[in-house]
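This one's a predicted model, so the numbers in the text were calculated from it and none came from an experiment. Indexing begins at 1, ligand by ligand and atom by atom, following the structure's order. All values below were derived from every heavy atom in this structure, side-chain atoms included, with hydrogens, water molecules and symmetry-related copies excluded.
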Amino acid sequence: MSFELLGLSEPLLRAISKKGYETPSPIQTKAIPPVLEGKDVLASAQTGTGKTAGFTLPLLHILSENPKQKYRPIRALVLTPTRELAAQVYANVKEYSEFLNLRSAVIFGGVNQKPQVATIRQGVDILVATPGRLLDLESQGALSLKRVEIFVLDEADRMLDMGFLRDIERVMKLMPDKRQNLMFSATFSKDIKKLAYSILNNPVQVEATPENTAVEIIEQKVYRVAKGKKTGLIIKLISDGNWKQVLVFTRTKHGANKLCKKMISAGISAAAIHGNKSQGARTKALAGFKNGSVRVLVATDIAARGLDIPLLPHVINFELPNISEDYVHRIGRTGRAGASGEAISLVSADETTYLRDIQKLIDMKIPVEIVEGFEPDPNASTEPVKPGQNRNQGRGRNSNSRNSSRNNSGNKKNSSRNRNRRRSDNRG
Ligand code: AMP
């Protein structure tokens with residue numbers, strides 16, 4: 001299959017070739033034709049599959065086929081759960097539309113709204129947005145969604161995880177009933193199917209890869225370790241392995257900062273990325289990580305979601321997530337685009353239940369190792385910490401809002417209920 005055969009216009013083919021893409025990825029091969037035909041599409045695809053081009057290319061094709069409208073109303077809306085993902089999708093839209101007469105903009109919270117409003121005033125064809133800022137600006141009269149022809153809901157599962165369902169419903173009411181809808185999600189829970197049913201009209205369903213493919217190609221390892229020895233062990237692993245680009249997950253923002261400081265003290269360049277960091281600081285950390293000046297990026301789940309970091313060789317779970325699906329998302333950051341990767345989890349006694357749930361979800365046993373000098377504490381309790389208690393820093397209201405609302409029982413049913421209650425620190 002080639003991009004030409006998919007029927008994309010010449011200016012798009014030129015942009016694709018400038019990006020260096022030779023053949024469409026499976027999700028692109030499957031999603032582009034029905035989108036070009038004007039159909040609603042429900043796609044199962046995670047980050048790393050080329051899904052962004054899968055919806056952006058045909059969307060740009062459709063918009064460019066119709067003549068430019070005088071005041072450039074917003075004709076396409078792409079809704080994403082996080083600021084980082086919005087920025088990334090926007091960067092893609094800009095690149096792919098380089099040879100087209102189309103304008104685009106991105107809006108998200110956490111930064112001054114004035115420049116965003118000024119850009120929209122000049123007229124944009126494509127708007128990429130996070131829900132909070134979009135609704136804010138709409139209610140201020142700074143933008144209108146009444147002329148939207150194509151609506152894209154990206155990472156729908158994460159949207160629900162982050163508690164954006166009501167916001168999505170509000171956005172839907174602001175758009176015309178007659179429009180084309182595209183929805184992307186990595187997982188398909190009952191709630192996602194319900195949402196899809198309410199948004200999509202007789203959709204074509206496409207799937208990039210079976211859900212757990214990523215899990216199978218990634219080399220996974222668990223190090224059993226005493227809680228107090230995790231920092232020493234992670235520093236040893238990174239130093240001994242001379243790893244150059246490592247993404248580390250912590251459960252809380254505070255934990256991310258603390259670990260980052262310890263890495264730096266140990267002579268390892270590191271940066272933290274989470275919801276309390278300013279947009280500028282996050283962008284800088286990510287850029288440093290991509291260009292190699294930052295060896296270790298310490299992130300919370302929400303901050304890392306959707307980050308486009310190609311070919312990441314190492315992912316370390318400093319702490320296991322108590323939502324098993326988050327484990328799959330985390331390790332999906334490695335082994336992308338067919339390259340193999342390594343995912344390591346440091347597991348202390350009180351994370352035993354989480355490990356069990358994760359293994360159940362991915363349907364495999366992860367090999368366990370113990371490093372001399374960093375042995376687990378035989379006397380530590382395997383009880384997960386009580387709800388509301390931060391597992392790292394004892395009690396504290398300062399923990400990540402996702403974590404603070406969690407029931408730490410490790411019970412799947414409760415976990416999924418909590419998932420729906422989570423609000424994001426990334427909101428807007
Ligand atoms: P995404 O899943 O949209 O986040 O894309 C993941 C990565 O794959 C990004 O770095 C894209 O630039 C890249 N990519 C997308 N489509 C292709 C393609 N057809 N060939 C090679 N790389 C691609």
Side-chain angles (χ1 to χ4, degrees), residues 1-9 12-33 35-36 41-61 76 78-98 104 106 126 128 130 152-159 182-187 206-211 213-214 217-218 245 247 286-287 289-291 297 299 303-313 315 328-341:
M1 181 50 82
S2 68
F3 282 107
E4 284 85 352
L5 283 177
L6 287 176
L8 294 168
S9 64
L12 286 169
L13 294 176
R14 229 186 316 156
I16 291 166
S17 124
K18 195 171 164 191
K19 280 286 278 179
Y21 302 166
E22 284 166 6
T23 46
S25 70
I27 193 72
Q28 291 162 3
T29 306
K30 289 179 194 165
I32 293 174
V35 180
L36 285 177
V41 169
L42 176 61
S44 157
Q46 336 196 341
T47 318
T49 54
K51 71 179 166 70
T52 316
F55 62 77
T56 308
L57 293 169
L59 178 155
L60 292 171
H61 181 107
V78 183
L79 209 54
T80 76
T82 66
R83 303 163 192 175
E84 280 80 10
L85 188 61
Q88 250 164 242
V89 169
Y90 173 66
N92 276 283
V93 170
K94 287 292 276 184
E95 284 175 323
Y96 302 141
S97 61
E98 184 181 345
S104 51
V106 61
I126 305 127
V128 184
T130 52
V152 183
L153 187 64
D154 198 10
E155 303 210 345
D157 47 353
R158 205 56 171 187
M159 289 274 193
L182 318 175
M183 182 167 146
F184 287 74
S185 188
T187 54
V206 298
E207 201 176 331
T209 41
E211 222 174 90
T213 303
I217 61 165
I218 296 164
Q245 204 179 32
L247 180 62
L286 187 59
F289 189 57
K290 281 188 180 176
N291 72 27
L297 189 67
R305 176 74 178 178
L307 290 187
D308 180 22
I309 306 161
L311 305 177
L312 202 55
V315 168
V328 179
H329 286 306
R330 287 178 177 191
I331 71 166
R333 318 300 319 169
T334 180
R336 305 177 66 184
S340 67

May I ask you to test the Thr130-Leu79 pair for a side-chain heavy-atom distance under 4.5 Å?
no

Mind checking what makes ring-ring contact (aromatic ring centres under 6.0 Å, His included) contact with Tyr96, not counting sequence neighbours?
none

What part of Thr23, side chain from CB on, backbone N/CA/C/O, both or neither, has a heavy atom under 4.0 Å from ligand 1?
backbone

Taking non-hydrogen atoms only, is Gln28 closer than 4.0 angstrom to ligand 1 via side chain, backbone, both or neither?
side chain

Have a look at ligand 1 and work out which part of Phe3, if any, has a heavy atom under 4.0 Å from it: side chain, backbone, both or neither.
side chain

Could you tell me which non-hydrogen atom of Pro58 sits nearest to which non-hydrogen atom of Ala53, and how far apart they are?
CD-O, 3.7 Å

Flag the pair Lys51 and Glu155 as a salt bridge only when some basic side-chain nitrogen lies within less than 4.0 angstrom of an acidic carboxylate oxygen.
yes

With heavy atoms of Thr52 as the reference, note each atom of ligand 1 found under 4.0 Å away.
1 (P), 3 (O), 4 (O)

Do ligand 1 and Asn92 have nitrogen or oxygen atoms that lie under 3.5 Å from each other?
no

Ser25: numbered ligand 1 atoms lying under 4.0 Å from its heavy atoms:
19 (N)

Ser104 and Lys94: which non-hydrogen atoms are nearest, and at how many Å?
OG-CD, 3.6 Å

Could you say whether the N/O atoms of Gly50 and ligand 1 ever approach to under 3.5 Å?
yes

Of all residues at least two apart in sequence or in a different chain, which pass the side-chain contact (heavy atoms from CB on, under 4.5 Å) check with Ser17?
none

